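Some notes on the structure that comes next.
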Amino acid sequence: MTPPKAPDPQDGTTPSAALSCADAPTITTIKRRADFLRAARADKQGTKSMLVQGRIRAPGEPVIRLGFTCSKKVGNAVARNRAKRRLRAAAREVVAELGRPGWDYVLIGKRDVTAERPYDALKSDLAYALHQLHGRAE
RNA sequence: GCGGAGGGCCGGACGGUCGCUCCGGUCGGGGAAACCUGGCCGGGGAGGAAAGUCCGGACUCCCCGAAGCAACGGUGCCGGGUAACGCCCGGGCAGGGCAACCUGACGGAAAGCGCCACAGAGAACAGACCACCGCCGGUUCGCCGGCGGCCAGGGUGAAACGGUGGGGUAAGAGCCCACCGGGGCGGUGGCAACACGGCCCGCAUGGCAAGCCCCACCGGGAGCAAUGCCGCAUAGGGACCCCGCGCGGGCUGAUCCUUUCGGGGAUAUCGCCGCAGGGCCGCUUCGGCCCGAGGGGUCCGGGUUGGCAGCAGGAGCCGGAUCGCGAGGUCCGGCCAAGAUGAAUGAUCGUCUGGGGCGGGUCCGCCCGCCCGACACAGAAUCCGGCUUACAGGCCCUCCGCGCGA
RNA sequence: GCGGGCAUGGUGAAAUGGUAUCACACGAGCCUUCCAAGCUCUUGGUGCGGGUUCGAUUCCCGCUGCCCGCU
């Protein structure tokens with residue numbers, strides 16, 4: 001990583017909020033198996049509809065990384081894809097608000113529940129899990 | 001109206017809000033450039049099975065020589081369709097169904113080998129055994145012995161050397177007759193599978209080939225994680241084992257010796273050429289290739305995250321005409337229709353219907369009210385043609401049987 | 001995605017097309033003061049659905065589940 005031009009978001013409160021998206025942490029996805037395995041060794045919090053793993057990867061970086069995974073226990077390909085899509089949709093809303101920069105989060109779907117739970121409950125499950133993980137990390 | 005058979009099709013619609021991916025356009029930001037990155041606008045974005053990966057191809061790489069033979073694997077009534085098929089269409093035969101129609105790995109068992117447990121006299125060579133009949137002899141009269149007949153019968157068994165009926169006979173038997181079945185010969189129809197009828201033969205020859213096999217036909221191997229290019233990294237590796245390092249030419253390119261600098265000589269070593277030799281191409285013949293002083297094997301060490309192409313215009317889709325019973329063929333016109341890679345095509349809300357549930361009415365065809373509200377199987381991964389399997393609900397066409405009415 | 005293999009008692013393994021066998025485990029009994037070991041006996045099975053055959057664990061077809069490989 002050689003960020004020569006990054007505007008240094010060390011100061012959490014940038015008063016010039018005209019471009020508010022500039023200081024928000026960028027969100028990327030985890031694609032490498034090794035990253036998933038590292039997250040699996042970190043702290044985890046289960047909820048009714050999902051299991052969330054979170055670890056502090058690089059405290060200084062303004063990047064949140066998200067991973068989504070569903071094993072074959074969740075069901076066939078349709079069920080697995082649907083579960084991951086709902087997790088992605090919920091994470092896009094919740095993590096943008098509550099996620100902490102420099103963290104990796106991995107969301108793991110559960111059979112039937114992830115696909116059928118009401119959307120608001122899905123989001124509150126994720127928010128609860130993030131609070132728990134952040135609380136334990138301090 | 002009830003019940004059934006076959007074929008085809010659909011498998012939600014519309015609209016907000018927020019998103020994903022690809023393509024095109026446009027406007028920026030960074031950078032010397034290649035290029036990287038962002039906003040906006042427009043457009044495309046799962047299936048009938050995308051599935052299972054069971055067949056057949058296209059396309060790549062490897063092997064790539066020709067002919068014959070062999071091995072291995074597959075297919076298996078006949079004809080046609082097709083790029084090809086184990087698929088499809090038409091026909092035949094067999095079985096099932098009152099019928100529409102359905103089902104069928106459906107070549108060969110007098111080419112050969114093998115198997116047929118248990119039971120049973122006997123399980124594939126057909127005769128032996130028991131029993132039966134006649135005559136003779138004996139007889140404690142229950143039967144026994146000899147000769148002849150050798151056919152029917154013999155609890156069984158999946159299967160028993162034709163079946164049923166009659167005549168015939170001492171008793172019987174294709175011994176004789178009728179029908180059925182079987183075999184042979186030639187005839188007619190059909191491209192053929194096969195069908196039909198005729199004559200002859202009283203008539204010897206089970207089943208299993210999804211057992212080996214025979215016959216006919218087909219078939220190189222691997223697969224897009226193929227393959228090619230770029231980038232990065234490591235390295236021109238190490239250890240051990242096996243086989244081998246033959247002959248000739250100095251050939252001057254090294255090397256060495258010598259030199260009067262023109263050259264001359266040597267051949268141990270490196271290199272070169274030729275031969276012997278070795279190996280490979282399934283086998284043979286012809287032929288070819290490689291090694292030729294190195295080759296082969298095992299292990300260790302290192303690398304493998306990436307980018308682009310392959311990769312979306314094809315045996316393509318739609319419509320029409322025409323040929324064909326049909327599968328399908330030919331011609332004309334129009335269209336371009338996903339391209340991801342921890343893997344997009346979504347999340348959520350609303351309005352509708354298809355439906356579903358509850359209650360009531362009913363002339364029982366149906367009508368009214370309220371509620372739920374899209375919900376089956378299932379997600380492209382190089383691409384096609386098939387097969388198989390899964391599937392809520394619905395629509396259309398044709399046909400059959402029974403009942404009622406005209 | 002592509003390719004390959006396997007399925008037999010609770011577990012691990014055998015079975016020319018002809019009664020499914022063996023070991024351990026489980027249960028009961030004998031032995032022992034008791035336990036263990038030993039001995040005897042019993043229970044229990046061909047993954048599912050079809051087909052060929054008189055007869056299928058075996059042969060054929062289709063599903064289901066599990067395992068392995070790819071650079």
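Every chain is numbered from 1 and lettered A, B, ... according to where its sequence line falls, protein lines coming before strand lines. Worth saying up front: this structure is predicted, and the values here are computed from it rather than measured.
With a glycosidic angle further than 90° from 0, B:rA159 counts as anti. In this structure B:rG365 sits in the syn conformation; its chi angle is within 90° of 0. Look at C:rG49: its glycosidic torsion is beyond 90° from 0, and that puts it in the anti range. Glycosidic conformation, B:rG262: syn, with the torsion inside 90° of 0. A syn base is found at B:rA46: its glycosidic angle is within 90° of 0.
Distance check on atom P: B:rG379 versus B:rG108 gives 45 Å, rounded to whole Å. Distance check on atom P: B:rC78 versus B:rA192 gives 14 Å, rounded to whole Å. B:rC194 sits 26 Å from B:rG97 when the P atoms are compared, rounded to a whole Å. Atom name C1', nucleotides B:rG162 and B:rG183: the rounded distance is 12 Å, in whole Å. Separating the P atom of B:rG184 from that of B:rG172 is a span of 36 Å, rounded to the nearest Å. Distance check on atom P: B:rA210 versus B:rG310 gives 49 Å, rounded to whole Å. Taking atom C1' on both B:rC115 and B:rG211, the two are 8 Å apart, rounded to the nearest angstrom. For the C1' atoms, the distance from B:rG4 to B:rA99 is 10 Å, rounded to whole Å.
As a whole-Å value, the separation of A:Tyr119 OH from B:rU17 P is 17 Å. Between the NZ atom of A:Lys31 and the P atom of B:rG306 there is a distance of 11 Å, given to the nearest Å. Rounding to whole angstrom units, NZ of residue A:Lys84 and C1' of B:rA347 are separated by 16 Å. Going from atom CE of A:Met50 over to atom P of B:rA347 covers 15 Å, rounded to whole Å. Atom C1' of nucleotide B:rA378 and atom CG of A:Asn81 are separated by 11 Å, given to the nearest angstrom. Atom-to-atom, CZ of A:Phe68 to P of B:rU341 comes out at 15 Å; the value is rounded to the nearest Å. Nucleotide B:rU341 holds its P atom 17 Å from the CD1 atom of A:Ile30, rounded to whole Å. Between A:Leu122 atom CG and B:rG346 atom C1' the separation is 14 Å, expressed in whole Å.
Across every strand in view, B:rA32 sits unpaired, with no contact that passes the Watson-Crick or G-U test at under 3.5 angstrom. Pairing for B:rC331 is with B:rG320, a Watson-Crick or G-U wobble pair whose two hydrogen-bonding atom distances lie under 3.5 Å. The partner of B:rA204 cannot be assigned: no Watson-Crick or G-U wobble pair with both contacts below 3.5 Å exists in any strand. A 3.5 Å limit on both hydrogen-bonding distances identifies B:rG25 as the Watson-Crick or G-U partner of B:rC40. Base pairing of B:rG220 is made with B:rC62, judged by Watson-Crick or G-U wobble geometry with both donor-acceptor distances under 3.5 Å. Across all strands shown, B:rA124 forms no Watson-Crick or G-U wobble pair with both key distances under 3.5 Å. Look at B:rC20: its Watson-Crick or wobble partner, with both distances under 3.5 angstrom, is B:rG45. B:rU388 and B:rA51 make up a base pair, with Watson-Crick or G-U wobble contacts both under 3.5 Å.
Salt-bridge check for A:Arg38 with A:Asp104: failed, with every basic side-chain N at 4.0 Å or more from each acidic carboxylate O.
Dashed line: the shortest gap from a side-chain N or O of A:Asn76 to OP1 or OP2 of B:rA51 is not under 4.0 Å. Note on A:Arg80: every side-chain N or O is 4.0 Å or more away from OP1 and OP2 of B:rG379. Residue A:Arg88 places at least one side-chain N or O closer than 4.0 Å to OP1 or OP2 of B:rA343. Within the structure, every side-chain polar atom (N or O) of A:Arg85 is placed at least 4.0 Å from both OP1 and OP2 of B:rG19.
Nearest nucleotide to the A:Arg82 side chain, out of B:rU348, B:rG19, B:rG379: B:rU348.
Between the side chain of A:Thr69 and the base of B:rG342 there is at least one donor-acceptor pair of N/O atoms closer than 3.5 Å.
Comparing A:Val78 and A:Ala115, the nucleotide of RNA chain B nearest to each residue sits closer to the 5' end for A:Ala115. Two residues, A:Ala79 and A:Ala89, neighbour RNA chain B, and the one matched to the more 5' nucleotide by heavy-atom proximity is A:Ala89.
Nearest approach of A:Lys110 to A:Thr47, heavy atoms of both residues: NZ-O, 2.9 Å.
There is no path of hydrophobic side-chain contacts, each under 4.5 Å, that joins A:Leu107 to A:Val113. In the hydrophobic clustering of this structure, A:Val52 groups with A:Ile27; members are Ile, Leu, Val, Met, Phe, Trp, Tyr whose side-chain heavy atoms approach within less than 4.5 Å, directly or through other members.
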Could you check A:Val95 against A:Arg92 for side chain to side chain contact (heavy atoms under 4.5 Å, CB included), going step by step and ending with a plain yes or no?
CA-CA 6 Å; A:Val95 173; A:Arg92 196 169 54 82; over 6 Å; no
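Atom CG of A:Leu122 sits about 7.0 Å away from atom OG1 of A:Thr114, to the nearest 0.5 Å. Distance OH/A:Tyr105 to CZ/A:Arg100: 7.0 Å, rounded to 0.5 Å. In this structure, OG1 in A:Thr28 is found 7.5 Å from CD1 in A:Ile30, a value given to the nearest 0.5 Å.
Heavy atoms of A:Arg86 sit under 4.0 angstrom from primed sugar atoms or phosphate atoms, though from no base atom.
Stacking between A:Phe36 and B:rG342 is present: the aromatic ring centre lies within less than 5.5 angstrom of the base six-membered ring centre, and the two planes differ by under 30 degrees.
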